[in-house]
Structure formats: C-alpha cells, structure tokens
Protein chains: 2
Amino acid sequence: MVSAPVDKTTKKHIDADTRRRMLVAAALRVMKREGIAAATTRAICAEAGMPHGAFHYCFRSKQELYAALLATDINITLDVEWPAVDPRAEPVENLRTLLRSWWSAVETDPEAQLVLSELVNLALRDPELGELPAWGHRTYLDKAVSRVDHFAAEARLHLTIDTRAFAEMVVAALGGVIDSWLSHRDATTAVETLDGFAGLFATLTRPVPDDRDHPPG
Amino acid sequence: MVSAPVDKTTKKHIDADTRRRMLVAAALRVMKREGIAAATTRAICAEAGMPHGAFHYCFRSKQELYAALLATDINITLDVEWPAVDPRAEPVENLRTLLRSWWSAVETDPEAQLVLSELVNLALRDPELGELPAWGHRTYLDKAVSRVDHFAAEARLHLTIDTRAFAEMVVAALGGVIDSWLSHRDATTAVETLDGFAGLFATLTRPVPDDRDHPPG
DNA sequence: AGTCGACTTGGCCATGTGACCAAGTCGCTT
DNA sequence: AAGCGACTTGGTCACATGGCCAAGTCGACT
C-alpha cells in the first residue's frame, strides 16, 4: 500500500523523472540569464539547488539534456492570449493586431528567443540532435497554421492562398523581424516592419460574405 | 632600400598583419566545416598551418579574433552577380528573379549562414562584442537599400513606400526564410515562400511611366 | 659584418569541464 | 525489524582550452 504522499518540498528522495524536469527548467533559466555557453552541468545543478553528482544520475550525458530541452515547449511565441479580433474591422487592422500580439510575446521575453536560436544552432551541428530543429519547426508551423485558421474564422476572412503557404510566410516574416531585432534592438522599426507585413498579408484575404443577409436557398 | 619581395610562400617571417588575415580566413573555414565551438585556437592554427603559439602573437585574445571575424565581410548573401532584369516584364517576375538570386547565394553556401548565426549569438552574449551585431545589421541593411534602389531603377519601378522600409521588409523576409530553411532544409518550400513574398512586394511597386513616348515639354 | 627588432616556436600552466564512481542514506515492502 | 533497491553525495579523473613565456631565428638596415 502506498503511504500518504510526503511533502515534496521536504522529502529528501525525489523521483528521478521530476528531478529531470527540475534540471531542464533550471537549465533554461541559466541559459536565458547567461547564455547557453554558461550553462555547464555544474551551473545548472547549482541553479536547481542540487549537488553536481545529481546531473549524471538523471541524464546519461549533457546531450540528453539538450534533447529534453529542445523537445519541450521552447517556441512560446505563438502561445499568447488571443487578441481582440473585430469581424467588422478592416482585414489589415485585424492582421496587425494578430502580428502585434505575437510580437509582444517576443518583446516580453527576448532571452527566450536568443536561447532558442543558440539551442537550434547547437543542434544543427550535432549529429545526435540534428533531427530536432526540423521537428521543432514543423511543430511551430503546425501551431501557426491552426492559429491562422482560427483567426481567419474569427475575423470572417477568406484566404486567397493555401493556409499553410500563408502561415509559412507569416512565420518567416515574424522570424525575420525577430532576427533583425535581436541585433539592432529597435522596437519601433520592428513593429513598423511588422505592420508593413500586415498590409501585405491583407492583400491575400477577402472578407467572407455575410450570410445573415443572404440566407441560403 | 627595400629589397626585392621574397616569395611569400617560401619566406619564414610573415608580417603580423597578413598573418592575422590568414588566421581569420582559417577560422572561418574551420567554423563552416565543424561549427564555431570546434574552432579552438589550436584548430585554427592547425588549419592555417601555424604553430599554436602564433595565435597569441597576432591576437591579444580570442575575442579579438571574433571581433575581426565579425568586422569582415560576413554577410555575403547580397553580393551576387546582378540578375537579369527586364523592364518590360511584370514587376512580380523581376522581384522573384531578384529574391531568387539572393537565395541562390544562401543555398550555395549554407554553412556561411550557420556560422553567421553562431557568431551573432556569441556576440550578443558578450559585452565586449555586443555592438557588432547592430553594426553588422546596419551595414547589411544599407547594402540592401542600395541594391533595391538599383533594382527599382533597372526594372523601371517606382516604390510606393519608403525605400528603407521596403528593404527592411525584404531583409526580414529573406532572413526568415533562411532561418526556417536552416531547420527544415526543404529548398522547395523555401523558394515557394520567397516567390510568395515577391508577389506581395510587387503590390508596393508601380511601373514608371515611359517618358520616351511622352517627351517632356 | 654586425646589430637590433620583429617574428617564431614549442612547451608550460591554471582553470574549468563532462563524466564516473563508491560509499552512504533513505523509505517502501515484506 | 530487516532488507533491498532507488536515490544522494562529494570527490576524483582525464582532458581540452585559452593564455603566457623565454629562448631561438631570421632579415633589414647601418
């Protein structure tokens, strides 16, 4: 029989799996603060409040930590509160709102973007981790597609091109702006460029005819 | 009097400044081949065919090499043979040609893009090198502006928005596509997305009226 | 020819890193 | 209560790295 759960903050023995999660979280914190290079096994354990030996009890190697890190929710850009979309507003306006909502996530946590970039670069060089960036990008794009779909429905817009192709361009535009911004750190320019893209993307949409005035049959 | 120049490939003593250039070139080669992490001072010297001690005779520190590397022509994307532009063709078509010509540079030397990304990430974390990415981006954008200007003149197009804003979007689009492509490595998708952007950018142009048929006065 | 400074070389050092291990500790089960 | 297996811990190892140096070598100018 399993006894009553012991207070997790007090008990000495911690399940190896939860400890793994703690280490991953700690690693992400260190990387955001000081960069991926500073995230040594020791620094990560210190951040997690564990002795150094704990690391290789949880992970076979450091690569395994990288893999775990890449496999978790790194791409947080698209996970934001859904913006206020008004079906009666101009398409441009709604698109601008959408892009800006995603941009706000970037500006709120710029270090996350940097870490993501560092992590992807690392993985692209490591044969063991080489597949992960492709998988991550696919996941990210899928999420973008579903978000765009949802948006189009809510704004009552019809996309004149394939949704995936549309999302692909949106992702590229957002990614490009982020990339530039990480270097120049000029938020004004970034948002202006993003607004410019909103205008361009609007040319790929058409308002859905309102059926309430023209019921079928 | 300066004696006749000794054969540079034979003579033992090499000017420290040219040796610096040799090391920078060797470093870039190593980085492209094995990644920035593998470019240790030793590996670089070996690549350059020099003993390890030569490094710190030429550079005060490794950071100084990074700085030199970032300060040289890293952004080669826009330096390609000028594409064939036809003033009588559709704007979309010409824009597609332009973007594709830049893309070809990327696909020809993908490692260069990776190294650039790694280098920028490194610099963004290092207080000593922190200014370089912003400078690099400014330089890159300036070059893009001039290229766009040249292009518009040659294709006899008028841009309906500020040239710099236009270039900013082009740079972001190209950068975003590169970023995605580095992960998924699907050239077809990349070019299709780029072609999509060409269509969008075309909406920001208007043909310049041909004055030959309507001479002034 | 002689001198002086620029260049060359190999070796050395302190440091930090990922990895490993063996002894110890805890708590669930029987 | 006794045992057993999962978890804990600090120490240690081999190794690579950036940086430094002192002795040696070359070559240009006087």
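In what follows, every chain begins at residue 1, and chains take the letters A, B, ... in the order their sequences are listed. These numbers come from a predicted model, not from an experiment.
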Calculate the interatomic distance between His52(B) atom NE2 and dC21(D) atom C1'; express it in whole Å.
13 Å
Spacing between Lys62(B) atom NZ and dT15(C) atom C1', to the nearest angstrom
15 Å
With sugar-phosphate meaning primed atoms plus P, OP1 and OP2, does Tyr57(B) contact a base, only sugar-phosphate, or nothing at under 4.0 Å between heavy atoms?
base
To the nearest 10 degrees, how far apart in direction are the end axes of the helix from dA1(C)-dT30(D) to dT30(C)-dA1(D), each fit to five base pairs?
0°
Are Thr41(B) and dG18(D) close enough that a side-chain N or O sits under 4.0 Å from OP1 or OP2?
yes
From CG of Leu23(A) over to P of dG18(C), roughly how many Å is that when rounded to an integer?
13 Å
How long is the line joining CZ of Phe55(B) and P of dG19(D), in whole Å?
7 Å
Give the ring-plane orientation class for Phe197(B) versus Phe197(A), where under 30° counts as parallel, over 60° as perpendicular and anything between as tilted.
perpendicular
Kindly indicate, with the supporting measurements, whether the criterion side chain to side chain donor-acceptor pair (under 3.5 Å) is fulfilled by His158(B) and Thr205(B).
CA-CA 5 Å; His158(B) 169 72; Thr205(B) 68; over 6 Å; no
Do the rings of Trp103(A) and Trp181(A) sit parallel, tilted or perpendicular, given the 30° and 60° boundaries?
perpendicular
Let me know the distance between CD1 of Ile14(A) and C1' of dC7(D), rounded to the nearest Å.
10 Å
What is the minimum heavy-atom distance between Ala39(A) and Val30(A), and which atoms define it?
CA-CG1, 3.8 Å
Between C1' of dG18(C) and OH of Tyr66(A), the distance in whole Å
10 Å
Which of the following nucleotides, dC7(D), dA19(C), dG19(D), is nearest to the side chain of Ser61(B)?
dG19(D)
For Met50(B) and dT25(D), what is the distance between atoms CE and C1' respectively, to the nearest whole Å?
17 Å
Is the shortest side-chain N to carboxylate O distance from Asp15(A) to Arg19(A) below 4.0 Å?
no
Thr41(B) and His52(B): side chain donor to acceptor below 3.5 Å:
yes
I want to verify a distance call: between dA6(D), dC20(D), dT17(D), whose nearest atom is closest to the His13(A) side chain?
dA6(D)
Here the distance between atom C1' of dT8(D) and atom CE of Met22(A), to the nearest Å, is 13 Å
Looking only at the side chain of Ala16(B) (C-beta and beyond, no hydrogens), which of the listed nucleotides dG19(D), dT8(D), dC7(C) gets closest?
dC7(C)
Quick one: is dG18(D) close enough that its OP1 or OP2 comes under 4.0 Å of any side-chain N or O from Arg60(B)?
no
Hey, is Arg125(A) close enough to Glu118(B) for a salt bridge, meaning N to O under 4.0 Å?
yes
To the side chain of His56(B), which of dC7(D), dG10(D), dC20(D) is closest?
dC20(D)
Between Arg42(A) and Gly53(A), the residue closer to the 5' end of DNA chain D by nearest nucleotide is Gly53(A)
